[in-house]
Amino acid sequence: FDNLYMEIKDALEGVDLKIGRQDMSYGNKKVLYEGTAGDGTRAFYFDAVKATFKNLLPDTEIDVFGIYNNASDKWLAIGNIDRDVTGYKSVNGAKEKEGVDESGAGVYLMNKTYSSMPIDLYWIFKSEEAYAIASGKVDRLDVHTTGFRVTPKFSETINAYCEGAIQSGERGTADISGTMVDAGITFKTTKEIPWTPSLLASVYYLSGDDPDTEDEEGWNPVFARHTQNNELYAAAYPGSRWSNLLMPGLCFAIVPVDWAKISLTINYLFAPEKDGSGGGNERGLLSNMIAEFDLGKKLYGKKDDFTGHVMLQILEPGDYYLNDETAYFFRWQLCKNF
């Protein structure tokens, strides 16, 4: 079962309940999005209970939730194989070890008092059990993530986003202190301009762990261990445990026809902490070219559509790595919904 839940609208006055296996996604998908990080894109679900409060504050919805994700589940979306759902069996190259259950809780507030400046505030707690790897033991982790997100719309052609969060907690006897910033501003043209070009300037920062301290300062991706729209570079992090990254970038996009969009993104990647094999802090130049197309909606029914994309990503490694060979990722996809 990919999703299996009970939803009760107005279970109490102004309160909706959702109980069971469900997908959850918040903000820029940099903190809470992927509940089953060990199975790729097969499933994203959380085994959770969520209550949505609609009337506590004006123009505000508040989600309160609790999560418990088992490390293995033979009742996944496809087949009855006992799969590694939380994605710890490959950590640090360990060939065999028990899976790790993940649990958590959180409060996510979404305020729309000002339509041109929606504001989100959140607190999310996550616990990872202790586990063994080939080189020893990894202690239990308890981490608190507190953050905000704003998405201002300055005009019809200029809008922006900014999400920031800090972390505290413990892993064994070590203190946790991670930081994340994900921000960007988009300049668009009106439809009267041919091909409707747009430009996005962005920066993504994740703190790294200083090897000279006993504390753990590296960002923990919480429930967001997924590709994060970066298929190639996700492979640089075992289990998509994004951390120790500074990634400024520019994305130029055009819409040559009403059924297609073409984007070119250039990012230069840095490592705040020099913990790579090459000893430097330049991770490299990452280019991403993608053509997305929509070949038709409602072809045979109300929910029918036919979409696809072609993607090419290229990484020219910097001095963070000993290996200087260029890396490539290519994918094409057709998707028929009905």
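Taking both residues in full, the closest heavy atoms of Ala51 and Leu17 are given as CB-CD2, 3.6 Å, listed atom of the first, atom of the second, then distance. Residues Ser277 and Tyr321 come closest through the heavy atom pair OG-CA, 3.6 Å. Counting all heavy atoms, side chain and backbone alike, Ser25 lies closest to Tyr33 at OG-CD1, 3.4 Å. When all heavy atoms are compared, the tightest approach of Ala291 to Ile262 is CB-CG1, 4.2 Å. Nearest heavy-atom pair, Ser207 versus Gly178, reported as atom, atom and distance to 0.1 Å: OG-CA, 3.5 Å. Thr196 approaches Thr190 most closely through the heavy-atom pair CG2-O, 4.0 Å.
With rounding to the nearest 0.5 angstrom, the CG atom of Leu199 is 5.5 Å from the CG atom of Leu250. Rounding to the nearest 0.5 Å gives a distance of 5.0 Å between CD1 of Ile8 and CD1 of Ile19. Atom OG in Ser202 sits 11.5 Å away from atom CD1 in Ile185 (nearest 0.5 Å). Here CD of Glu156 is found 12.5 Å from OG1 of Thr189. Values are rounded to the nearest 0.5 Å. How far CG of Leu285 is from OG1 of Thr326: 10.0 Å, rounded to the nearest 0.5 Å. Distance check, rounded to the nearest 0.5 Å: NZ of Lys274 to CG of Asp319 gives 7.5 Å.
In this structure, Asn229 places its CG atom where only 12 or fewer heavy-atom neighbours from other residues, nucleotides or ligands lie under 6.0 Å away. No more than 12 heavy atoms of other residues, nucleotides or ligands shown are found within 6.0 angstrom of CD on Glu325. Remark: Trp123 CH2 is packed, more than 12 non-hydrogen atoms of other residues, nucleotides or ligands lying under 6.0 Å away. The neighbour count for Tyr114 OH, taken as heavy atoms of other residues, nucleotides or ligands under 6.0 Å away, does not exceed 12.
Each of Glu214, Glu216, Glu217, Glu129 was scored for a salt bridge (Lys or Arg N to Asp or Glu O under 4.0 Å) with Arg171, with one residue passing: Glu216.
Ring to ring, Tyr26 and Tyr122 are not that close: their centroids are 6.0 angstrom or more apart.
Contact of the Gln228 side chain with the Tyr204 side chain is registered, since non-hydrogen atoms from C-beta on lie closer than 4.5 Å. Side-chain contact check for Gln167 versus Val222: some heavy-atom pair is nearer than 4.5 Å. In this structure, the side chains of Thr60 and Leu109 come closer than 4.5 Å at one or more pairs of heavy atoms. A 4.5 Å side-chain heavy-atom check between Arg225 and Glu102 finds at least one atom pair inside the cut-off. Inter-residue side-chain proximity for Ile62 and Val107 is flagged as met; some heavy-atom pair is nearer than 4.5 Å. A heavy-atom distance below 4.5 Å is found between the side chains of Leu32 and Phe46. A heavy-atom distance below 4.5 Å is not found between the side chains of Leu334 and Lys336. Contact annotation: the side chain of Thr227 never approaches that of Leu232 to less than 4.5 Å [non-hydrogen atoms, C-beta and beyond].
Donor-acceptor pairing under 3.5 Å is lacking for the side chains of Tyr45 and Asp2. Side-chain contact of Asp142 with Ser127: a donor-acceptor pair under 3.5 Å is present, judged by distance alone. Looking only at atom types and distance, the side chain of Thr113 has a donor-acceptor partner in the side chain of Asn111 under 3.5 Å away. One side chain, Tyr268 or Glu282, offers a donor N or O that lies under 3.5 Å from an acceptor on the other.
Residues Val310 and Tyr328 share a hydrophobic cluster, clusters being chains of Ile/Leu/Val/Met/Phe/Trp/Tyr side chains in contact below 4.5 Å. Connection of Met289 to Ile254 is not established within any shared hydrophobic cluster, with ILVMFWY side chains joined at heavy-atom distances below 4.5 Å, either directly or through further cluster members. Note: the hydrophobic cluster containing Val31 also contains Met110 (ILVMFWY, side chain heavy atoms under 4.5 Å, direct or indirect links). Under the 4.5 Å side-chain contact rule for hydrophobic residues, Phe329 and Leu245 share a cluster. Taking hydrophobic clusters as Ile, Leu, Val, Met, Phe, Trp and Tyr residues chained together by side-chain heavy-atom distances below 4.5 Å, Ile124 does not share a cluster with Phe148.
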Kindly determine whether Phe223 and Asn69 satisfy side chain to side chain contact (heavy atoms under 4.5 Å, CB included), including the steps that lead there.
CA-CA 11 Å; Phe223 293 107; Asn69 292 336; 4.2 Å; yes
Please walk me through it: do Arg331 and Gln313 pass side chain to side chain contact (heavy atoms under 4.5 Å, CB included)?
CA-CA 9 Å; Arg331 183 177 71 195; Gln313 295 184 343; over 6 Å; no
Could you walk me through whether Asp47 and Tyr68 pass the side chain to side chain contact (heavy atoms under 4.5 Å, CB included) check?
CA-CA 6 Å; Asp47 288 333; Tyr68 194 92; 5.6 Å; no
Could you go step by step and tell me if Val100 and Val138 meet the side chain to side chain contact (heavy atoms under 4.5 Å, CB included) rule?
CA-CA 11 Å; Val100 179; Val138 177; over 6 Å; no
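Within the structure, the salt bridge (Lys or Arg N to Asp or Glu O under 4.0 Å) test picks out the following pairs touching residues 25-34 (sequence neighbours left out): Lys30-Asp182. Note on residues 50-64: pairs passing salt bridge (Lys or Arg N to Asp or Glu O under 4.0 Å), not counting sequence neighbours, are Asp10-Lys54, Asp16-Lys54.
Not a single donor-acceptor pair under 3.5 Å links the side chain of Ser168 to the backbone N or O of Thr145. Put simply, the side chain of Asn281 never gets that close to the backbone of Pro272: no donor and acceptor are under 3.5 Å apart. When atom types are taken as modelled, the side chain of Ser243 and the backbone of Trp219 share a donor-acceptor pair closer than 3.5 angstrom. In this structure a side-chain-to-backbone donor-acceptor pair under 3.5 Å is present from Asn244 to Glu273. Judged by distance alone, with hydrogens and angles left aside, the side-chain atoms of Trp242 form a donor-acceptor pair with the main-chain N or O of His226 at under 3.5 Å. No side-chain donor-acceptor contact under 3.5 Å links Glu163 to the backbone of Gly27.
Its side chain within the 4.5 Å cluster rule, Val143 clusters with Leu141, Ile176 among the Ile, Leu, Val, Met, Phe, Trp and Tyr residues.
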